[in-house]
Chemist: 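Mind looking over this structure? Questions follow.
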Amino acid sequence: MTATANPNDMIHVRATPEEKRSTIIGAVLIALGAYIFWQFGLGVEPGLQATFNLSLQTDTVQGLAWVVDPRQFSMIIGVIVAGLGGWRLTRRALQYTNLSLAISFLLLVMAFLAWAAAGSQFSLVGMLRSTVVLSVVVVFGALTGLMCERVGVVNIGIEGQLLAGAFAAVVLSSAFGTAAGVLGGVAVGALLGWLLAWLSIRFQVDQIIAGVVINFLALGLTSLMSARILSEIQTLNAPERIPAIRIPFLADIPVLGAMFFDHTYFVYGMFLLVFGIHYGLFYSRWGLRSRSVGEHPKAADTAGINVYWVRYRNVILGGMIAGFGGAFLGLAQVARFEENMTGGIGFIGLAAMIFGRWLPIGALGAGLVFGLSRAVQQKVAILNTGIPSEFLFMVPYIVTIIVVAGVVGRTRPPAADGIPYIKD
Amino acid sequence: MALELTGITKRFPNVLANDDVSLSVGEGEIVAMLGENGAGKTTLMNVLFGLYTPDEGEVVIDGKPLEFGSPGASIAAGLGMVHQHFMLVPVFSVAENVILGLEPTNGVGWINQKEARRLVNDISNRYNLAVDPDAMVEDIPVGVQQRVEIIKVLIRDAKYIIFDEPTAVLTPPEVEEFFAIVRGLKEDGRGVIFITHKLNEVIEVADRIVVLRDGKSVGEADPKATTQSHLAEMMVGRPVDLVVSKDPAEPKDEVLSVDRLVVLDDRGQRTVEDLSLSVHAGEIVGIAGVQGNGQTELVEAITGMRPALMGNIRVGGVDVTEFTPRQMHHLGVAHVPEDRQESGLVMAFTIAENMVLDSYYDHPYSRGVRMDWGVATDAAERLVREYDVKAKRVDAPVSTLSGGNQQKVIVAREFDRGVKLVIASQPTRGVDVGSIEYIHARIVEERDAGEAILVVSSELDEVMALSDRVLVMFEGRIVGEFDPTTTSTTEIGLAMLGSGGNDE
């Protein structure tokens with residue numbers, strides 16, 4: 001049946017969801033471009049300069065800086081962002097919608113920084129380094145969620161696993177040294193992973209409820225022990241800070257060296273885990289079996305795979321990753337325990353997992369976006385821009401809401417995500 | 001050497017699914033297990049394959065007793081099963097699905113992709129299956145998916161292979177190909193158990209026929225010496241009329257008109273492509289086609305459950321393209337959805353609640369904010385009587401009913417409100433013969449009362465028996481229109497594959 005399309009036919013064509021999304025995002029980007037143009041461009045007094053420092057005091061190469069005229073700079077960015085929006089409005093090349101969004105987001109950040117730093121100096125490389133550091137716990141959290149959800153178990157308890165891991169790491173490190181602290185954090189994470197698996201597999205407790213239980217358990221226990229024990233015996237809350245390991249030569253590269261090659265082993269471990277889990281998921285026996293259990297557990301079962309064992313194993317491994325992330329928070333990032341010191345970062349990790357489409361490399365990218373938004377917030381607070389710091393503090397959470405509300409488009413979770421496997 | 005089941009009994013809450021069933025299959029033998037939906041065939045096979053543990057009985061394979069409750073043990077004992085609902089991961093490639101559970105690795109756990117591909121190609125070539133190891137399972141047709149399942153079984157070198165309703169998703173020419181594969185397995189010296197409810201197939205392919213009814217085995221038959229009506233009688237327990245009796249249709253005004261409709265599926269693919277059709281008052285139009293050729297999306301678009309990308313839908317001259325399901329309901333459109341448990345009924349609700357699910361908000365069931373359950377219960381009791389639903393009480397959960405009676409609840413609810421258009425999708429899927437006869441008769445009755453009826457079914461026999469006109473759907477388009485009284489099944493079967501058939 002060859003339907004000759006007659007252009008005069010009154011055929012009502014409706015937009016596909018992707019086309020509608022392209023249009024909406026196009027309109028938003030044009031508005032954003034105009035805002036950048038007026039506020040960050042024309043809003044700056046003519047003649048002011050913004051200096052972005054590209055060297056830290058610890059760097060080998062000193063004195064690198066990038067000087068811009070924020071007025072011009074932001075006006076150009078405003079035009080580019082609006083142009084990307086106009087391109088989206090044409091509804092062509094729909095696969096580039098997310099890329100346009102990402103580029104616009106980065107440009108927005110640049111224009112904002114130029115505006116904020118007008119007439120003064122701003123350590124750009126310091127912010128980029130903070131971006132990596134602040135994304136670490138988010139990425140560990142996202143990897144934890146991913147390990148569990150890839151086998152069909154939803155883990156809402158990441159937050160609690162991070163917090164308990166941090167507590168155990170701090171106390172054990174203070175008492176018995178760093179190694180005991182890290183191992184203890186991982187062990188406590190494994191224990192809480194096992195608890196989630198046991199509740200949701202053995203008893204088929206609703207996985208959301210099981211996760212919430214873990215969060216309250218971890219928050220309650222650590223707060224109690226912190227108030228009762230750590231405040232009495234303060235030597236138990238004084239771990240040795242884990243030092244950074246400078247990687248020879250690589251750390252001397254300007255900008256990149258400070259960003260990536262002068263960190264604690266947790267950060268290097270994060271990159272190894274991200275790529276290891278990514279390639280493991282798609283090219284190893286462990287990954288194939290894990291994904292089959294998360295997509296179609298009955299098919300896995302009929303292929304002779306023990307669905308329950310695979311779920312236990314991955315959920316416990318996920319808990320260990322969270323415990324390791326908690327140890328980073330307690331021993332490297334902060335170097336002491338504070339009540340509720342995770343402050344919702346586990347949930348941001350969960351959002352990063354969704355934003356990253358259940359892929360470890362995606363989780364890394366999403367984690368860096370959240371890290372960037374927190375780094376901007378911290379550095380800009382110093383600049384005295386007149387923006388209330390409370391508002392800046394909200395930024396990472398607003399980014400989370402926007403991301404989870406579906407700005408990134410349709411994503412496809414594992415088909416059996418959150419569904420208990422019942423044999424009989 | 002044989003596979004022997006002795007005295008298998010499996011009980012579920014309220015149901016005795018298998019009652020002392022015994023069965024044996026030898027090497028190089030094809031045994032057909034015949035039974036209605038709900039006779040206990042699938043339960044028996046799930047026991048054999050380690051998905052269920054039986055309450056009594058034992059299974060012996062080549063002299064060794066089988067350990068129950070573990071598919072791994074069943075596979076190791078030489079059993080293979082091709083399930084009715086394929087056990088394939090849609091987002092995996094063919095090769096990944098085949099090697100799942102026995103992955104060739106390089107020793108430290110990385111999969112040897114080359115070896116995986118070679119394994120698939122070897123078996124595919126040896127049995128002439130023509131399967132691409134790199135294709136994504138969700139992208140290949142169901143007929144090919146079934147061959148992937150067969151490769152999965154063969155790669156594990158299964159000696160006894162169970163096929164659960166294997167022809168349900170195949171077109172008639174594909175069924176012939178499938179039989180050739182099964183005969184090849186038999187020549188290989190493998191034993192085959194073939195589970196089905198289709199009478200002509202068992203006579204064609206089986207060496208021996210075992211009939212199951214209400215969980216009990218009621219006898220054996222020799223395919224060379226039996227007839228379809230005899231088998232049907234054994235299966236149902238009483239003589240069965242296999243033909244739908246109806247007078248020629250007297251079509252009147254056009255009721256449903258679909259004009260150049262394009263609909264997207266959940267993945268954003270155009271699954272209904274430039275499709276036009278019309279249904280007149282007083283006729284039954286049947287849509288035949290292999291599952292997954294856009295029928296689901298077409299029905300959802302017509303009933304307001306899925307937006308149309310392009311084109312128009314009119315009912316009685318009114319443009320309903322952007323109507324909601326409730327607006328369609330008010331217009332007098334009845335909808336029997338294809339999956340009653342997913343979109344037809346709320347399984348945890350009572351029969352009475354399900355009966356008023358479409359009109360609870362209106363007079364007489366609703367009085368302001370308060371429901372009048374008295375009126376609803378009375379109405380439900382009347383419908384249960386009128387539509388022959390076998391239920392003791394209308395305040396029992398609908399999940400306690402059999403598949404056939406659940407389906408009758410939907411038919412009762414949808415037909416009992418002066419409708420002018422009926423959209424029935426897979427109206428008798430998973431339903432016993434008695435209920436099939438009843439639902440078919442009821443649909444013909446509605447036609448004779450002057451309603452327009454659109455029936456969508458992947459059971460070609462059903463479409464042929466019920467329809468006054470048959471449309472064949474392939475890859476989202478109508479590829480042919482046939483008169484069921486003058487067309488052979490083979491001709492329509494070819495059209496279902498996208499070849500042959502007369503263009504509109």
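Residue numbers start from 1 in every chain, and the chains themselves are labelled A, B, ... in the order their sequence lines are given, proteins ahead of strands.
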Chemist: Based on non-hydrogen pairs under 4.5 Å, which of Gly304(A), Ala415(A), Gly287(A), Ala303(A) is most in contact with chain B?
Modeler: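 Most heavy-atom pairs under 4.5 Å with chain B: Ala303(A).
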
Chemist: Would you say the ring centers of Phe49(B) and His83(B) fall short of 6.0 Å from each other?
Modeler: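 Yes; His83(B) has its ring centre under 6.0 Å from that of Phe49(B).
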
Chemist: Minimum heavy-atom separation for Ile305(A) and Ser292(A), please, with both atom names.
Modeler: CD1-OG, 4.1 Å

Chemist: Does Asp339(B) have any side chain to side chain donor-acceptor pair (under 3.5 Å) partners at least two apart in sequence or in another chain, and if so, which?
Modeler: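 For Asp339(B) there are no side chain to side chain donor-acceptor pair (under 3.5 Å) partners, ignoring immediate neighbours.
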
Chemist: I'd like to verify something: which residue of His85(B), Glu138(B), Gln113(B) has the highest number of heavy-atom pairs under 4.5 Å with chain A?
Modeler: Glu138(B)

Chemist: Residues two or more places apart in sequence or in another chain: which of them pass side chain to side chain donor-acceptor pair (under 3.5 Å) with Asp164(B)?
Modeler: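 Testing Asp164(B) for side chain to side chain donor-acceptor pair (under 3.5 Å), a comparison that skips the adjacent residues, returns Thr42(B).
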
Chemist: Which bit of Leu288(A) comes within less than 4.5 Å of chain B, counting heavy atoms only: side chain, backbone, both or neither?
Modeler: both

Chemist: Where does Thr321(B) contact chain A at under 4.5 Å (heavy atoms): side chain, backbone, both or neither?
Modeler: side chain

Chemist: Checking heavy atoms, do the side chain of Leu100(B), its backbone, both or neither come under 4.5 Å from chain A?
Modeler: both

Chemist: I'd like to know if the side chain of Asn306(A) pairs up with that of Arg289(A) as donor and acceptor (distance under 3.5 Å, no hydrogens or angles considered).
Modeler: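 Note: Asn306(A) and Arg289(A) side chains miss the donor-acceptor criterion.
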
